[in-house]
Amino acid sequence: MIITGSDIAVNLLQLLRQRLNDALVPLTPEPETYVDMLRPAGDTKFGDFQANCAMPMQKSVGKPAREIAQLIVDGLKVDDICEPPSIAGPGFINLKLKESWLTEAATRSANDMALGIDPVSKPRKFIVDFSSPNVAKPMHVGHLRSTVIGHALYRVLKRLGHHVLSDNHIGDWGTQFGMIIYGYKNFRDEARFAEKPVAELARLYRLVNQLSDYHTLKPALPGLIEAQKCAAASLAQAQSQLASAVASGVKKSPELQQLVKKAESDLKAANEEVESARKKLAAVEGDSDLFDLASRHPKIAEDARLETAKLHAGDAENLALWNQFLPDCLQALEGLYERFGLKFDMALGESWYNPMLPGVLERLEQAGLLTKSQGAQCVFIGGNEAPFIVRKSDGAFTYATTDLATIQHRVESLKADAILYVVDSRQSEHFDLLFATAKKLGYRDVELQHVKFGTILGEDKRPFKTRSGDTVGLESLIDEAIVRAREIVNAGDDGKPTGAELDEETRQAVAEIVGLGGIIYADLHHSRESDYSFSFEKMLATKGDTATYMQYAYARVNGIFRKGGVNVADIRSAGHALNLAQPAERMLALQLLRFGEALQDVAVDYRPNVLTQYLFETANRFSAFFEACPVLKESDESIRHSRLLLCDWTARVMKEGLDLLGIRVAEKM
RNA sequence: GCGCCCAUAGCUCAGCUGGAUAGAGCAUCGGAUUUCUAAUCCGACGGUCAGUGGUUCGAAUCCACUUGGGCGUACCA
């Protein structure tokens, strides 16, 4: 018999909090502020759970904390679940689960194919906006985090029972498209375009971008050099001021030191700017073909902008080109998403909102939010210096306008309760302004969240680039991870004491699972707001906190089943009871029981790393169990059954947990 | 100039709305293998949580300032 999630008290934590709440009611008028202070024990030696509410209640209750703790314990009815509670330290209440209760709850959960997760009682409608590539350019490493974090949040929220729609807000309408059109009209290689249209369009984009950079930088270089000289001069001046101050006996001058430091960093910035400009100019001037092209297209930046403007104005030729290019571009994206096992519910790009833009402007106007400044239509939000520009001085709308239209659509047509934007933290200012403007337009009930994330750095602590300084393509990044993973798989399989057991095809399949899983896991296990250093060596390490470790745990479970000729379906339908006599068994079961809790924690602040931590801990406890508790060799049949069930439960939690992160598993590795 | 973010072990990073002796992984050192897959497990070593002051029963966590770093800052998205 299969027991469904609704039959059992799924969330242990919630259950205990409910009991605590009952005990708090006679003691305080606001028990709800204290029930959350019951949480899993920080240290297992204190028990399984602890309640920390007695101390903060001292003021309102007017008694010492230990006395309050005693009152709580007196009123706490948990004798069916826990051993008698104990009070420790300043007033901690420690709870240890009764073995009988734990065993029973674990048995029910282990036999529950829903893994003890009930759908949330109040589902909300979420729109998760992530990935958002630009069709003009191939996805690069910068898109990785948005894609991977967004995907994970999407799946977790959905698993919890919310109504979730993923939306890929593709950049298909901006300035870059004008560059492509200009490139296509002037530079296209017919043969290449016929063969690989997207690659050719990407090449054209890069070319136009490069040439237009060239013409922007060429006249600007003297100015940059001048600025560099000025910066050097002010540094020298600041230094001499400091030196003469020191000479005249001043011991410390924070102001002057500050000045020197500021001048130093200004000079550094100026140096970098000049160097980067020189590099770009040299790249064009050093290549006679490029230089020739540059000379023949002196107004390329302006002309490309003109193409964008024509497109937006409905020019027939440009619109036709746009319609011709777009499907190929989208198709190319699909290929990459397929590797991630990712499918969007919607992909409403910027172009889709184009017809709504005049209406947005009108609403802003009616709300009295518009101010004309330097020829542009702006919304000024108090406390912010920068304006929120909704219409440029040339009359074109901006992504600010599009983003407002997007909110309008998501709230009014899609009835969203919450919109998550999984976007780089560097855009937080934009989102602050966007959300503030939306609120002023009356969108107050919807939760607008910028789910921000940090930058991926190279080993040099600078933003991750190739040796030549180019951004790293996402596709090639994945390919390299898989190549490296393949070597590890080969070595691992060749090194097996019982001899290699994977054929070519399986090895490659495992390499793909391990390589891609490594990239995804490495990204998700960092807390999303911090920057992190990208390292193939670390993410694919055969030891430590990596995707492989968890995939390996899963494969080992399957190894047991394979070796023992165990039919998994039999275990799932037999309704075996768990026996948690061994500490390793108990630790594992308790951990598996907390799967739902981990998912809920992910949703609180939209942090997938909560789940990676949970899965690492789970795999860890499984490995300990694997060492300590033989399964197939166990002679006592009921214990063997219990352990087989524990294995299968582990496998299901690992597989599903990893799946929610977008990471696959292999049966053998 | 203004704004935002960050500083935790040698390295890479966790640390949930403030909770007990600050945790992992890597590295180093020591142990475990006639293997249900050692891509593993067990143990040891390692920290003035950048600094100073404050809030309170209690601070890595909250507040202020200081120091050091990153990012953003008007018509790109």
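- Residues A:His526 and A:Thr548 both approach RNA chain B. Their nearest nucleotides, taken by heavy-atom distance, put A:His526 toward the 5′ side.
- Pairing for B:A44 goes to B:U28, judged as Watson-Crick or G-U wobble with the two contacts each under 3.5 Å.
- In this structure, the nucleotide among B:A39, B:G15, B:A20 sitting nearest to the side chain of A:Met669 is B:A39.
- Between A:His430 atom NE2 and B:G72 atom P there is a gap of 16 Å when expressed in whole angstrom units.
- Between the side chain of A:Asn94 and the base of B:A20, a donor-acceptor pair under 3.5 Å is found.
- When each of B:U37, B:A20, B:C41 is scored by its nearest atom to the side-chain atoms of A:Glu627, the top-ranked nucleotide is B:C41.
- Considering only side-chain atoms of A:Arg426, the nucleotide from B:U17, B:C71, B:G15 that sits closest is B:C71.
- Closest approach to the A:Arg39 side chain among B:G72, B:A20, B:C16 is made by B:C16 (side chain taken as heavy atoms from C-beta onward).
- Following rounding to the nearest Å, A:Asn558 (CG) and B:C36 (C1') show an atom-to-atom distance of 12 Å.
- Counting heavy atoms of neighbouring residues, nucleotides and ligands inside a 6.0 Å radius, atom NZ of A:Lys96 exceeds 12 of them.
- B:A22 and B:U61: their P atoms are spaced 14 Å apart (whole Å).
- If you measure from atom NZ of A:Lys461 to atom P of B:C5, you get 20 Å, rounded to the nearest angstrom.
- The partner of B:C49 is absent, by the rule that a Watson-Crick or G-U pair needs both atom distances under 3.5 Å.
- Remark: P of B:G15 and NE2 of A:His525 are 10 Å apart, rounded to the nearest angstrom.
- The aromatic ring of A:Phe92 does not sit over the base of B:G19, since the test of centres under 5.5 Å and planes under 30° is not met.
- Below the 3.5 angstrom threshold, one finds a donor paired with an acceptor across the side chain of A:Ser373 and the base of B:A74.
- Side chain of A:Leu632, nearest nucleotide from B:C36, B:G25, B:A39: B:C36.
- When distances are taken from the side chain of A:Pro387 to each of B:A20, B:C36, B:A74, the shortest belongs to B:A74.
- Set against B:U40, B:C16, B:A20, the side chain of A:Lys543 has B:U40 as its closest nucleotide.
- Between the side chain of A:Lys59 and the base of B:U56 there is no donor-acceptor pair of N/O atoms closer than 3.5 Å.
- A:Arg66 has its CZ atom 12 Å from the C1' atom of B:A20, to the nearest Å.
- When the P atom is compared between B:C45 and B:C36, the two are found 32 Å apart, to the nearest whole Å.
- With the nearest nucleotide of RNA chain B identified for both A:Ala666 and A:Glu429, A:Ala666 has the one nearer the 5' end.
- Checking A:Thr406 against A:Asp403 by side-chain atom types alone, no donor-acceptor pair falls below 3.5 Å.
- Base-pair partner of B:G18: not found among the strands shown (Watson-Crick or G-U wobble, both distances under 3.5 Å).
- For the P atoms, the distance linking B:U8 with B:G69 amounts to 14 Å, nearest Å.
- One atom, CD of A:Glu529, and another, P of B:C16, lie 12 Å apart when rounded to the nearest Å.
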Close N or O pairs between protein and nucleotides 59-67 of chain B (under 3.5 Å):
none

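- Look at A:Phe616 and the base of B:A24; the rings do not stack under the cut-offs of 5.5 Å between centres and 30° between planes.
- Within the 4.0 angstrom heavy-atom criterion, no nucleotide atom of any strand lies near A:Glu501.
- None of A:Phe435, A:Tyr399, A:Tyr421 except one satisfies the ring-ring contact (aromatic ring centres under 6.0 Å, His included) rule with A:His430; the exception is A:Tyr399.
- Among the atoms of the strands shown, base atoms are found under 4.0 Å from some heavy atom of A:Phe46.
- When Watson-Crick and G-U wobble pairs are counted only if both distances are under 3.5 Å, B:G3 pairs with B:C71.
- Nearest to the side chain of A:Ser533, among B:C41, B:C13, B:C36, sits B:C13.
- Under 3.5 Å, the side chains of A:Asn21 and A:Arg17 contain no donor-acceptor pair of N or O atoms.
- When rounded to the nearest whole Å, the span between CZ of A:Phe622 and P of B:C42 equals 13 Å.
- Pairing for B:U34 is absent, judged as Watson-Crick or G-U wobble with the two contacts each under 3.5 Å.
- If you check the side chains of A:Tyr532 and A:Asp523, you find a donor sitting under 3.5 Å from an acceptor.
- Side-chain proximity of A:Glu385 to the nucleotides B:U73, B:C2, B:C57 is greatest for B:C2.
- Taking atom CD1 of residue A:Ile381 and atom P of nucleotide B:G72, one finds them 22 Å apart after rounding to whole Å.
- The nucleotide B:C13 finds its pairing partner in B:G23, both defining distances of the Watson-Crick or G-U wobble pair being shorter than 3.5 Å.
- Remark: B:G58 base-pairs with no nucleotide; criterion is Watson-Crick or G-U wobble with both hydrogen-bond distances under 3.5 Å.
- Nucleotides B:G54 and B:G1 have their P atoms positioned 29 Å apart, rounded to a whole Å.
- Between the side chains of A:Ser132 and A:Asp129, at least one donor N or O sits under 3.5 Å from an acceptor N or O.
- Residue A:Tyr552 places its side chain closer to B:U40 than to any other of B:C16, B:U40, B:C76.
- In A:Lys268, the NZ atom is not crowded: 12 or fewer heavy atoms of neighbouring residues, nucleotides or ligands sit closer than 6.0 Å.
- Within the nucleic acid shown, A:Asn609 comes within 4.0 Å of sugar-phosphate atoms alone, with no base atom in reach, counting heavy atoms only.
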